[in-house]
Amino acid sequence: MRIARFSIDGNVAFGAVEGEDPAGSASSGGLVLDIIKGIPYTDFELSGTKVPLSKVRLLPPVLPNKVVAIGRNYAEHAAELGNEVPDVPVAFFKPTTSVIGPGDAIEYPSFSSELHHEAELAVVIGRMCREVPRERVKDVVFGFTCANDVTARDAQRREKQWARAKGFDTSCPLGPWVETGLSPAQAGDLTVQATVNGEQRQLGRTSDMIRSIEDLVVHITEAMTLLPGDVILTGTPAGVGPLNVGDEVAVTIEGIGTLTNKVIKRG
């Protein structure tokens with residue numbers, strides 16, 4: 001099931017996306033939303049009230065308490081930036097203020113002149129969990145969505161911490177919805193790609209990740225409690241590159257969909 005979060009007539013709700021769109025985008029006129037009663041992390045019912053997707057504004061599919069991101073989880077990406085593969089997962093946070101949804105603008109930060117896209121599979125947590133054993137990871141994962149770990153690369157190089165480089169406002173597009181029908185094992189072998197103005201930049205598979213989805217959930221929950229709606233970004237394949245004002249960047253993940261955002265000048 002695809003679960004979207006949306007606004008219509010000033011109200012915010014969750015809905016199950018119905019219909020097929022071969023392109024996997026959120027722009028198909030044939031898709032409809034069956035409004036969910038309540039929130040989707042617990043047992044829920046479909047209301048039977050349906051609205052065309054074209055009549056609503058899609059929001060970030062979740063509002064995470066925290067986004068835990070993993071750096072250098074693809075060997076070729078680490079190499080393209082001149083980095084070694086780390087001995088342990090490199091984790092960092094992106095604040096909630098960085099999260100935007102499909103169609104929202106990425107604002108080019110004033111402190112950078114080298115903005116990069118990073119297409120990533122995002123794991124959405126479905127229940128409060130801590131110290132999750134590997135065999136229970138599937139029980140705490142709600143689903144998966146597309147993410148773009150937008151990065152001010154020049155700031156990342158010159159600053160020891162990545163907080164500003166990867167945590168600035170609008171640096172974490174998520175969407176267009178959460179796909180709940182994939183297991184961690186299935187999500188561990190999907191195509192991930194990014195295009196800029198229709199030109200392919202990144203193309204990889206989640207099977208190339210150094211640490212698997214299960215590995216990452218175990219590692220992160222050794223240290224902290226994850227809450228329903230929290231998000232784990234699993235790293236990006238090779239091919240990251242520049243974004244300029246006016247560019248349209250799209251992240252597409254097999255079996256999930258396409259997340260599209262445009263870059264604008266801040267202010």
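Just so you know, these numbers use all the heavy atoms, side chains as well, and skip hydrogens, waters and symmetry mates. Everything numeric here is computed off the predicted structure, so don't read it as measured data.
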Carboxylate-amine/guanidinium contact [X] [Y], below 4.0 Å:
X: Glu254; Y: Arg205; value: yes
X: Lys262; Y: Asp247; value: no
X: Glu159; Y: Lys166; value: no
X: Asp139; Y: Arg127; value: no

Around [X], counting heavy atoms of other residues, nucleotides and ligands shown, do more than 12 lie under 6.0 Å from its [atom1]?
X: Glu76; atom1: CD; answer: no
X: Arg130; atom1: CZ; answer: no
X: Met224; atom1: CE; answer: yes
X: Arg211; atom1: CZ; answer: yes

Is there a side chain to side chain contact (heavy atoms under 4.5 Å, CB included) between Lys37 and Phe44? Walk through the geometry before answering.
CA-CA 6 Å; Lys37 295 180 180 179; Phe44 64 86; 6.0 Å; no

With a 4.5 Å cut-off on side-chain heavy atoms, are [Y] and [X] touching?
X: Met1; Y: Val17; value: no
X: Glu118; Y: Leu233; value: no
X: Val140; Y: Val217; value: yes
X: Phe6; Y: Val12; value: no
X: Pro237; Y: Asp208; value: no
X: Val251; Y: Asn261; value: no
X: Gln202; Y: Gln193; value: no

Hydrophobic clustering (ILVMFWY, side-chain heavy atoms < 4.5 Å, transitive) - are Val132 and Leu216 grouped together?
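Shared cluster, yes.
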
Co-membership, hydrophobic cluster, residues Val192 and Leu203, 4.5 Å side-chain:
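No, it is not one cluster - the side chains of Val192 and Leu203 are not joined through contacts under 4.5 Å.
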
Is [X] reaching over with its side chain to a backbone N or O of [Y], donor-acceptor style, under 3.5 angstrom?
X: Ser112; Y: Pro109; value: no
X: His117; Y: Leu243; value: no
X: Tyr108; Y: Glu114; value: yes
X: Thr151; Y: Asp149; value: yes
X: Glu248; Y: Thr260; value: no
X: Thr236; Y: Ala119; value: yes
X: Arg5; Y: Pro60; value: yes
X: Thr206; Y: Ala187; value: yes
X: Ser183; Y: Gln186; value: yes
X: Glu84; Y: Pro86; value: no

Among Leu259, Thr170, Leu174, find the one that has a side chain to side chain contact (heavy atoms under 4.5 Å, CB included) with Ile100.
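Exactly one pass, corresponding to Thr170.
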
Sequence neighbours left out, what passes side chain to side chain contact (heavy atoms under 4.5 Å, CB included) with Pro64? Give chain and number order.
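Per chain and number, Pro64 pairs via side chain to side chain contact (heavy atoms under 4.5 Å, CB included) with Val62, Val67, Val99, Asp230, Val231.
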
Output every pair passing salt bridge (charged side-chain N to carboxylate O under 4.0 Å, His left out) with a member in residues 52-65, not counting sequence neighbours, ordered by first then second residue.
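Matches after skipping sequence neighbours: Arg57-Asp104.
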
Begin with the C-alpha distance, continue with both residues' side-chain angles, and end with the deciding distance and a verdict on salt bridge (charged side-chain N to carboxylate O under 4.0 Å, His left out) for Glu18 and Lys50.
CA-CA 9 Å; Glu18 299 180 351; Lys50 301 184 181 183; 3.0 Å; yes

Atom CD1 of Ile3 and atom OG1 of Thr145: how far apart are they, to the nearest 0.5 Å?
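Reported to 0.5 Å precision, the distance equals 11.5 Å.
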
